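These numbers come from a predicted model, not from an experiment. Throughout, a chain's letter reflects where its sequence line sits, starting with A, and its residues are numbered from 1.
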There are 2 protein chains.
Amino acid sequence: MSENAREAILTAARSAAQLHGYSGINFRSIADEIGIKNASIYYHFSSKAALGAAVARRYWQDTSTLLAEIRAHNPDPWQRLRAFPSIFRKSLENANRLCLSSFMAAEYEDLPEEVLAEVRAFADVNVAWLTEALADAGWGSAQDRDRRARAIYTAVAGAQLIARSRTDLHLFDDLISSYQEAGLIPA
Amino acid sequence: MSENAREAILTAARSAAQLHGYSGINFRSIADEIGIKNASIYYHFSSKAALGAAVARRYWQDTSTLLAEIRAHNPDPWQRLRAFPSIFRKSLENANRLCLSSFMAAEYEDLPEEVLAEVRAFADVNVAWLTEALADAGWGSAQDRDRRARAIYTAVAGAQLIARSRTDLHLFDDLISSYQEAGLIPA
DNA sequence: ACCTGAACACCGTTCAAGT
DNA sequence: ACCTGAACACCGTTCAAGT
């Protein structure tokens with residue numbers, strides 16, 4: 001049960017964090033969910049900060065894997081750029097969940113530094129992936145690509161946030177289409 | 001002290017909410033700050049939900065006033081569109097505060113319905129103002145304008161969220177410039 | 001009309017104690 | 001090695017009580 005308990009805690013904490021944020025990670029609820037006592041969580045994670053950092057680290061690592069799969073399945077860089085928003089869409093499809101990193105960006109003032117570092121890593125992974133796709137597409141200069149990659153990531157994260165507040169997947173799709181029509185996301 | 005206490009509570013709660021969210025509105029801290037006891041807040045607001053709704057309502061009303069001033073000072077609709085992001089920039093300048101509505105959009109799952117209604121009103125006010133500016137500029141069809149207004153509002157809110165997580169005003173300016181260069185914000 | 005103290009169930013955290 | 005019970009200071013909320 002040792003490795004299993006640790007994994008079960010991580011899974012439950014991530015699910016809670018995408019719904020309620022870092023501040024909404026509740027040790028008693030998580031413990032109940034996986035059938036241990038809340039004090040037991042401290043055997044696996046030294047503090048809420050440590051648990052939060054572990055959740056955020058695992059989150060960007062999983063996202064990095066997903067992005068690598070999209071890259072592997074889509075040799076055409078333009079297709080990759082079109083596929084990028086699908087990761088954010090999947091969160092909304094999954095019980096209206098928000099990107100963990102967006103939630104934690106909002107909670108910036110209350111986050112321990114070790115958690116913040118992982119939040120920044122998530123953004124970096126996404127921006128690097130987009131930059132590479134733009135480069136493969138032969139789009140713009142190196143500096144232009146970095147700027148545009150940040151703009152795309154930011155706008156898509158914003159679309160997820162706003163669509164969530166209306167529980168409206170169609171609004172998300174519509175915002176992404178608008179970005180594409182406007183030329184923000186090259187197509 | 002009666003009207004003053006109510007106003008003082010609203011001001012302190014708004015400040016806290018832009019830094020820590022709805023869940024971070026703390027009755028004991030607010031009471032300390034304005035020199036009353038936490039139980040006294042319930043004389044002015046029947047619950048945390050009622051206080052949160054009052055804060056969010058006041059917030060979109062104040063924003064609506066600010067937007068009207070920008071409109072009054074900028075007869076040129078293109079100038080108005082360029083000025084729009086300045087409201088979100090001011091929040092960041094003010095101790096890295098986030099748009100209350102963005103924070104509450106993240107907290108969607110934990111918000112009482114009466115608070116959510118005010119969050120939606122904030123987005124509506126912003127989108128309506130942008131739609132009007134696009135119309136005055138003779139930009140697109142009525143349907144295009146509504147879609148584009150939503151996209152601009154969403155992307156700017158996203159830029160504020162991401163720039164906040166790096167405490168980086170320059171990043172905010174850079175993202176807005178990218179939006180303009182990409183043509184998302186007509187210039 | 002406006003405010004307070006004391007109590008409630010709830011949080012993260014600690015720690016000595018169990019197996 | 002892994003888990004627990006009991007305690008701590010903290011939260012939103014209630015309510016009877018003060019002026």
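- Rounded to whole Å, the distance from NE2 on A/H20 to P on D/dC11 is 21 Å.
- Residue A/Y42 contributes atom OH, which lies 3 Å from atom P of C/dT13 at whole-angstrom precision.
- Remark: A/K48 is positioned above the aromatic ring of A/Y22, its terminal NZ or CZ atom under 6.0 angstrom from the ring centre and at most 45 degrees off the axis.
- Listed nucleotides C/dG5, D/dT13, D/dC3 differ in distance to B/N38; the shortest reach to its side chain belongs to D/dT13.
- Remark: C1' of C/dA17 and OH of A/Y43 are 16 Å apart, rounded to the nearest angstrom.
- Stem regions for DNA chain D, each three or more consecutive Watson-Crick or G-U pairs with both distances under 3.5 Å and listed by first number, read C:4-8 with D:12-16, C:12-16 with D:4-8.
- Between the side chains of B/S91 and B/N94, no donor-acceptor pair of N or O atoms lies under 3.5 Å.
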Take B/R80 and B/D76, measure what salt bridge (Lys or Arg N to Asp or Glu O under 4.0 Å) needs, and give me the verdict at the end. CA-CA 6 Å; B/R80 260 140 64 190; B/D76 177 17; over 6 Å; no
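- Among the heavy atoms of the strands lying under 4.0 Å from B/F27 are primed sugar atoms or P, OP1, OP2 only; no base atom is included.
- Within 4.0 Å (heavy atoms only), B/I25 reaches sugar-phosphate atoms of the nucleic acid but no base atom.
- The distance between atom NZ of A/K37 and atom C1' of D/dA7, rounded to the nearest whole Å, is 16 Å.
- Side-chain contact check for B/Y42 and B/S47: no donor-acceptor pair (N or O, by modelled atom type) lies under 3.5 Å.
- One interatomic measurement links the two molecules: CD1 of A/I36 to C1' of C/dG18, which rounds to 16 Å at whole-angstrom precision.
- Between the CG atom of B/N26 and the P atom of D/dT13 there is a distance of 11 Å, given to the nearest Å.
- Taking atom CG of A/L51 as the reference point, atom P of C/dG12 lies 10 Å away to the nearest angstrom.
- Sorted pairs that involve residues 99-110 of chain B and meet salt bridge (charged side-chain N to carboxylate O under 4.0 Å, His left out), not counting sequence neighbours, are lacking altogether.
- Side-chain atoms of B/T11 come within 3.5 Å of backbone N or O of B/E7 as a donor-acceptor pair.
- In this entry the distance linking CD1 of B/I41 with C1' of D/dT14 reads 14 Å, nearest Å.
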